[in-house]
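Report on one structure; see the data block that follows.
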Amino acid sequence: MYYLSTRNNNIKVSSMQAIAQGISKDSGLFVPEHFPRYSFDTLKDFSKLNYTDLAVKIFGDFLSDFSSDSLQDCVNKAYTADKFGTDEPVRCIDLVNTNASILELWHGPTAAFKDMALQILPHFLSNSLKKVSNGKTAVILTATSGDTGKAALEGFKNAENIKIMVFYPEDGVSNMQKLQMQTQDGDNVYVCAVKGNFDDVQTGIKKIFTDSDCNQKLSQNNMMFSSANSINWGRLLPQVIYYFYSYCDLIRKGKITKESEKVNIVVPTGNFGNILSAYYAGKMGLPINKLICASNSNNVLTDFINTGIYNKNRKFYMTMSPSMDILVSSNLERLIYDLTDGDDKKVARWMTELSESGQYEVDKEIKDKLQNLFFADFSTEEDTKNTIKTIFDKYNYLSDTHTAVALDVYDKYLSKTGDYDTNTIIASTASPYKFSKDVILALNETAADGCLDDFDIIDKLSKITNTQIVKPIASLKGKKPVFKDSCQKEALKTVVLNNLNIKE
């Protein structure tokens with residue numbers, strides 16, 4: 001299995017090279033040259049496997065230059081009971097008297113779905129570096145809208161021959177997300193706030209990746225850049241696994257018995273990586289009816305899917321679901337490449353238009369494909385708030401602000417289509433305790449009265465909902481920030497080089 005660049009498919013690299021490099025030198029994203037295809041009989045066989053065995057099987061079909069023993073070792077180290085609470089790292093929770101199930105992806109060490117990929121990526125990367133880096137130290141640069149940063153820091157801390165630097169929008173993450181990053185331990189980690197929004201941070205990091213002068217300076221110091229964002233194939237591939245696992249859970253429960261019984265998958269969507277993984281699962285044989293793309297007030301993806309026009313020239317909103325506060329969804333490029341049947345020139349032209357003018361428009365054929373595959377809508381702040389309360393009152397299920405966006409958009413899908421019969425998997429991407437203030441205010445507008453800080457709010461949320469505070473959040477109490485740096489978006493390159501003790 002080789003990997004091609006979305007902007008020049010003459011560029012062809014191994015899976016190890018794609019993982020070590022993170023992004024193609026032409027700024028394109030690496031995609032597999034083909035996808036394995038699984039029959040329904042194979043999916044029934046998959047349903048007999050536990051999560052780790054399923055992961056090893058699917059990884060083996062993509063990462064052909066990894067030995068089966070090394071893949072097994074990577075998986076065994078990533079998905080342990082001490083990290084995820086049980087031997088099965090995800091939970092599938094049925095909503096009573098509905099055909100919907102909640103796929104909880106946040107039982108890992110940072111209480112966010114990013115753990116599912118970022119606990120295994122360091123092991124993929126370490127194996128890859130041994131083969132392709134010629135002894136260089138990998139410098140992981142990560143832009144985060146909240147959850148990726150902490151999950152990457154936790155996954156890569158103290159990793160041999162790896163340094164990790166995380167940048168986040170100063171006012172664009174929750175207090176708990178910020179505290180999680182600022183209190184990170186590890187000899188090889190660095191965290192810095194950026195004055196700007198997530199798109200400013202992400203754009204700045206991408207420019208550094210493809211800056212020839214910067215790359216040359218690193219090479220002279222026996223270093224190389226890599227990425228922990230979902231632009232890295234080693235970060236995206238692990239997300240495919242849990243869609244197969246949740247579908248297999250429906251087989252195990254007897255809710256799906258034949259291939260014609262398809263599923264809907266609902267994903268709260270920002271950078272498009274999580275829902276792209278579901279799309280790839282569909283290409284691999286998972287019987288999908290609709291991919292439901294749920295956005296918050298930053299509804300650039302809703303408009304794109306419904307009109308074929310991607311336009312980032314719009315107001316940016318800071319919402320109660322900050323991990324989705326994104327106007328440039330990087331992984332959409334991979335979807336466009338696939339829908340154009342690998343037309344790298346067309347993709348490169350559209351991405352150039354996006355960079356230069358802030359928008360592009362796909363042709364009618366691509367628009368029709370999009371609308372056949374996807375349903376897209378968005379949730380306002382008021383919608384999100386109301387959904388948290390409605391779902392708790394009706395099902396005694398406490399959702400975070402991002403999962404509430406997905407639940408609300410799913411409700412809008414049902415209202416518009418009447419599709420109440422299709423089994424539906426709803427991705428739950430974070431613990432409600434990461435966004436406790438917004439969650440408790442949604443349940444009761446005066447519930448936080450008298451609370452002195454976020455930890456008082458967390459305690460009160462636990463009491464009024466009779467739910468348990470997740471360990472990654474509870475353990476933050478009393479911790480003091482280690483990293484307090486902030487910088488202007490124009491200074492990112494300087495900060496990176498200075499932190500590496502390299503003269504600019």
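Please read these numbers as outputs of a predicted model, since none were measured by experiment.
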(message) Under a 4.0 Å threshold between the charged nitrogen and the carboxylate oxygen, would D211 count as salt-bridged to K207?
(response)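 Salt bridge: no.
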(request) Answer yes when E261 and K255 have at least one side-chain N-carboxylate O distance shorter than 4.0 Å, and no when they do not. (result)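 K255 and E261: not salt-bridged.
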(request) Look at the rings of W233 and Y3 and say which category their plane angle falls in: under 30° parallel, 30 to 60° tilted, over 60° perpendicular. (result)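 Plane angle between 30° and 60°, so tilted.
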(request) Measure the acute angle between the ring planes of F84 and Y79, then classify it against the limits of 30° and 60° as parallel, tilted or perpendicular. (result)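 Rings of F84 and Y79: tilted, 30 to 60°.
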Using a 6.0 Å cut-off, check whether atom [atom1] of [X] has over 12 heavy atoms from anything other than its own residue.
X: D363; atom1: CG; result: yes
X: K262; atom1: NZ; result: no
X: E353; atom1: CD; result: yes
X: K253; atom1: NZ; result: yes

(request) Go through N298 and I326 one step at a time and tell me if the side chain to side chain contact (heavy atoms under 4.5 Å, CB included) criterion holds. (result) CA-CA 7 Å; N298 295 295; I326 296 171; over 6 Å; no
Going by heavy atoms in the side chains, are [X] and [Y] under 4.5 Å from each other?
X: T148; Y: K114; answer: yes
X: Y317; Y: N296; answer: no
X: P169; Y: V201; answer: yes

(request) Show your working on side chain to side chain contact (heavy atoms under 4.5 Å, CB included) between R334 and Y280 and close with a plain yes or no. (result) CA-CA 10 Å; R334 282 184 164 115; Y280 282 157; 3.5 Å; yes
(message) Return the CD1 to OG distance between I458 and S436, rounded to the nearest 0.5 Å.
(response)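 Those atoms lie 4.0 Å apart.
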(request) Could you walk me through whether F244 and Y38 pass the ring pair (Phe, Tyr, Trp, His ring centres under 6.0 Å) test, one step at a time? (result) CA-CA 11 Å; F244 278 98; Y38 305 130; 5.8 Å; yes
(request) Taking all non-hydrogen atoms of both residues into account, name the closest pair between S174 and P322 and its distance. (result)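 Heavy-atom minimum between the residues: N-CG, 4.1 Å.
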(request) Grab the two heavy atoms, one from V191 and one from M181, that are nearest each other, plus how far apart they are. (result)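 Closest approach of V191 to M181, heavy atoms only: CG2-O, 3.6 Å.
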(message) Could you walk me through whether N264 and Y410 satisfy the side-chain hydrogen bond (donor to acceptor under 3.5 Å, both in side chains) test, starting with their C-alpha distance in whole Å, then the side-chain angles of each, then the deciding distance to 0.1 Å, before giving a yes or no?
(response) CA-CA 10 Å; N264 297 320; Y410 176 55; 5.4 Å; no
(message) side chain to side chain contact (heavy atoms under 4.5 Å, CB included) for V194 and S486? Distances and angles first, verdict last.
(response) CA-CA 5 Å; V194 179; S486 67; over 6 Å; no
(message) Between T401 and S321, do the side chains contain a donor N or O and an acceptor N or O under 3.5 Å apart?
(response)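 No.
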(message) For the residue pair S330 / Q202, report whether a side-chain donor-acceptor contact shorter than 3.5 Å exists.
(response)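 Per modelled atom types, Q202 and S330 side chains form a pair under 3.5 Å.
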(request) Indicate yes or no for a side-chain donor-acceptor contact from K312 to the backbone of S329 under 3.5 Å, with no hydrogens or angles considered. (result)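 Not a single qualifying donor-acceptor pair exists.
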(message) Taking the cut-offs as 6.0 angstrom to the six-membered ring centre and 45 degrees off its axis, would you call R252 and Y245 a cation-pi pair?
(response)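 Because its charged atom sits under 6.0 Å from the ring centre and within 45° of the axis, R252 does stack over Y245.
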(request) Kindly confirm or rule out a cation-pi arrangement of K290 over F375, judged by NZ or CZ under 6.0 Å from the six-membered ring centre and within 45° of its axis? (result)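 That pair does not qualify as a cation-pi contact.
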(message) Would you say the ring centers of F124 and F59 fall short of 6.0 Å from each other?
(response)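 Yes - the distance between ring centres of F124 and F59 falls below the 6.0 Å cut-off.
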(request) Would you please indicate if the ring centroids of F435 and H402 are separated by under 6.0 Å? (result)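 Yes, close enough.
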(request) List the steps and the verdict of side chain to side chain contact (heavy atoms under 4.5 Å, CB included) for Q359 and L354. (result) CA-CA 4 Å; Q359 73 172 56; L354 180 64; 5.5 Å; no
